[in-house]
Amino acid sequence: MPYTLLARNSAPGCGLLRVVRTGFVHVAGVLLGLGVAVGAAEPQPVRARLVADASAPAPGGTFQVGVLFEIEEGWHLYWKNPGDAGLATEVRLTLPSGLEAGPPRWPAPVRFTQPGGLVGYGYERSLLLASEVRLAGRPPAAGTPVAAEASWLACKDVCLLGSVRLEERWPLPAAAAEFERWRAELPATDPPFSVNVTGGWSSGARRAAITVWLSWPAPPGDVELFPEAGDRLKLSAPRVQTRGALTRVDLEATMVGGSGAPPERLTAVVTARTAPESRRAWEIVIPLTALP
Amino acid sequence: MRTMTGFTGLLIMAALALAPAAFAGGASVGDSAPDFTLPDLKGAQVTLSKIEGVRVLEWVNPDCPFVERHYKAGTMKKLAADYGAKGVTWLTINSTNYMDAEANRKFAEGYGLSQRILVDQDGKVGHLYGAATTPHMFLIDAAGTIVYAGAIDSDPRGTGGAGVTNYVAAALDELLAGKPVSTPETTPYGCSVKYAK
């Protein structure tokens, strides 16, 4: 039975208008079934291809499978929390039986400001959105199709919705170098800093002013924090200040949706330069339970 | 993960303690709706506070695929007509920097719209409300209080189906029945408002 992976909790997309052949494709007018008119001559800013870090794993072993997006200069795709506007990029894998995909592993995003001060979180130039896939059973027969459906919102001065169905055959063509290049952008879970949080809920516990303190072993460079929003919280763009080895991040959270208790935690990605040339990323969990 | 504790932590924190953070700009649920005056497509000046009853503000940009989807499906036109019959005023506001009255007229004619379309090319009213996306919805009760802010519905990807909630219709139904709005705020989705630089 094919395993379906959702890059975000949402219902499966409606029928795709066109099936695009295997491999590296130039997406032309292949849009979600939304009745969105884009002329065939209009240039499409995103190219997508199905990639894996190895052609096949050993039985019981794992490999990485995902979609590599190449994004034209000036355009961007969105992170799982797109920020003030936008839409998360989505990849759904359809795998042969015996293969099980884990959740998508999102590389750390970059922050960009759109006119009017609207903050976005996403990717420029390229994005590799992949999942760890385990070969639980027997390997599929050679030639068995492996598919990925990718959908995205690409924005520059205007926004375009795009989607494409990509297909490869087992064993997959390996593109280990691409995965190697993206490895450093995947958030680690062992941050070198400690995390403390102050602030509190107000206005009938619908809003909170949250201050996150990161205490570093040595002064870091270019610290940024990207909060995941989820269904329950709407978050302002964080304001980040670093003095010496201490970073202060202020953000405001608003409860959205219906009634209920505030979420107990907030997941975020922190990025910083601890060496001049390379950015590193860590995932942290910010507890909100202690807030008055 | 270690947690910074005790006196040292407090001292360090004091060094970075600045003025308390203010909430980001814009209008929020529970606020008195900021008043404004904008021209409609006939050049008439429309002032929010001079309109009686329940009002809906809808931020629009016909070039945005999310907006296009809803206009092709007739979502806004139908809601404006259905609730207009119940005394609700629907105001569609366009804060797109490159869309003047003429461009908005073409948009209105193209879809045969009868709700009022207001031109906010310099984005002043968009910023006043903190409109971030197209669409972005605000619902104002007869007393002038914002009672809903956020998305038009629960279906950013346009997948359709029985599970989709139209938040604006649900809030209007509750409001017109004299009930409190049970979902007063959601995260809006769509393109960023193309504000003037």
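Computed from a prediction, not measured in an experiment: that's the story for all the values here. Below, chains carry the letters A, B, ... as their sequence lines are ordered, and counting in each starts from 1.
Using a 4.5 Å cut-off between heavy atoms, A/D157 contacts chain B through both its backbone and its side chain. Interface residue B/C191: backbone and side-chain heavy atoms are both found under 4.5 Å from chain A.
Of all the heavy atoms in A/L87 and B/P156, the pair that sits closest is CD1-CB, 3.7 Å. Of all non-hydrogen atoms in A/L233 and B/T187, the two that sit nearest each other are O-OG1, 4.4 Å. The shortest non-hydrogen separation linking B/S192 to A/L118 is CB-CD1, 3.7 Å. The two residues B/P65 and A/C159 come nearest to each other via the heavy atoms CD-O, 3.2 Å. When all heavy atoms of A/P115 and B/Y195 are compared, the pair lying nearest together is CB-O, 3.3 Å.
Interface check for chain A: of the options B/T96, B/V29, B/D63, the most heavy-atom pairs under 4.5 Å are formed by B/V29. Between chain A and the residues B/N97, B/T133, B/T134, the most heavy-atom pairs under 4.5 angstrom are made by B/T133.
For CD of B/E52, the number of neighbouring non-hydrogen atoms (other residues, nucleotides, ligands) closer than 6.0 Å is 12 at most.
Distance check: B/E185 CD to A/M255 CE gives 10.5 Å after rounding to the nearest 0.5 Å. Taken from OG in B/S28 to CD in A/E252, the straight-line distance is 10.5 Å, to the nearest 0.5 Å.
Contact check for A/S151 versus B/R157: side-chain heavy atoms found under the 4.5 Å cut-off.
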